[in-house]
Amino acid sequence: MERKKGIVERIANERVAILFSMAEKCIATEPELSASYVNILEHIMKHYHLKPDSRLKGRICKHCHVVLVPGFNCTVRIRSSSKIVAYTCSKCKSDMRILYG
Ligand SMILES: [Zn+2]
């Protein structure tokens with residue numbers, strides 16, 4: 001049972017990673033398509049109770065659910081004193097803060 005669960009989670013994680021890179025690639029050219037990829041991705045994560053990995057953390061806006069691409073639709077600030085990376089969504093101005101290190 002435990003083994004089967006592990007495999008399912010691994011496949012779900014792979015799909016999330018694929019969907020994320022697809023959403024990232026088309027955000028500039030086809031934002032609507034990108035949004036639907038994010039929608040599917042978030043459904044998978046919710047369904048399998050997946051936690052975002054380091055690549056995904058803070059990279060999807062919690063408010064408007066868009067993929068955040070630094071220099072395109074978000075700004076990144078690093079506070080080395082508190083070890084926080086803040087991604088600010090240009091659309092809704094909300095902050096996604098991640099601890100690093
Ligand atoms: Zn936003």
Side-chain angles (χ1 to χ4, degrees):
M1 188 65 194
E2 197 54 48
R3 237 172 97 196
K4 196 182 169 194
K5 201 184 162 217
I7 294 165
V8 170
E9 261 175 30
R10 189 172 56 82
I11 294 167
N13 265 316
E14 275 171 18
R15 292 205 176 144
V16 165
I18 293 164
L19 283 160
F20 179 76
S21 66
M22 279 159 76
E24 204 176 24
K25 266 180 208 151
C26 68
I27 182 76
T29 51
E30 289 168 285
E32 276 172 24
L33 183 65
S34 176
S36 63
Y37 288 145
V38 173
N39 193 13
I40 302 165
L41 180 162
E42 287 186 325
H43 263 95
I44 295 173
M45 291 190 70
K46 211 171 158 188
H47 187 86
Y48 294 101
H49 306 286
L50 301 176
K51 290 206 174 77
D53 66 10
S54 55
R55 217 169 85 89
L56 244 80
K57 254 185 193 169
R59 298 295 311 280
I60 294 171
C61 178
K62 277 176 189 157
H63 284 259
C64 54
H65 305 273
V66 294
V67 173
L68 299 175
V69 180
F72 174 69
N73 63 358
C74 79
T75 50
V76 184
R77 278 165 300 130
I78 299 165
R79 265 179 238 151
S80 47
S81 56
S82 47
K83 293 197 170 179
I84 284 173
V85 184
Y87 289 86
T88 309
C89 174
S90 335
K91 204 172 154 191
C92 67
K93 310 287 174 202
S94 61
D95 267 349
M96 262 63 60
R97 292 198 176 116
I98 330 162
L99 264 171
Y100 69 89

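Since the structure is predicted, the reported quantities are computational estimates derived from the model, not experimental observations. When a ligand or atom number is given, it counts from 1 through the structure's own listing order.
Among the backbone and side-chain atoms of C61, an N/O/S atom is found under 2.8 Å from the Zn ion (ligand 1). For the Zn ion (ligand 1), the set of nearby N, O or S atoms under 2.8 Å includes one belonging to C64.
In summary, of the residues considered (R59, R97, R77), a side chain to side chain contact (heavy atoms under 4.5 Å, CB included) with Y87 occurs for R59 alone.
Other residues, nucleotides and ligands place no more than 12 heavy atoms under 6.0 Å from the CD atom of E32.
Salt-bridge check for K46 with E42: failed, with every basic side-chain N at 4.0 Å or more from each acidic carboxylate O.
Here the angle at the Zn ion (ligand 1) defined by SG in C89 and SG in C92 stands at 110°, rounded to 10 degrees.
Smallest separation of non-hydrogen atoms from M96 and I60: CG-O, 4.2 Å.
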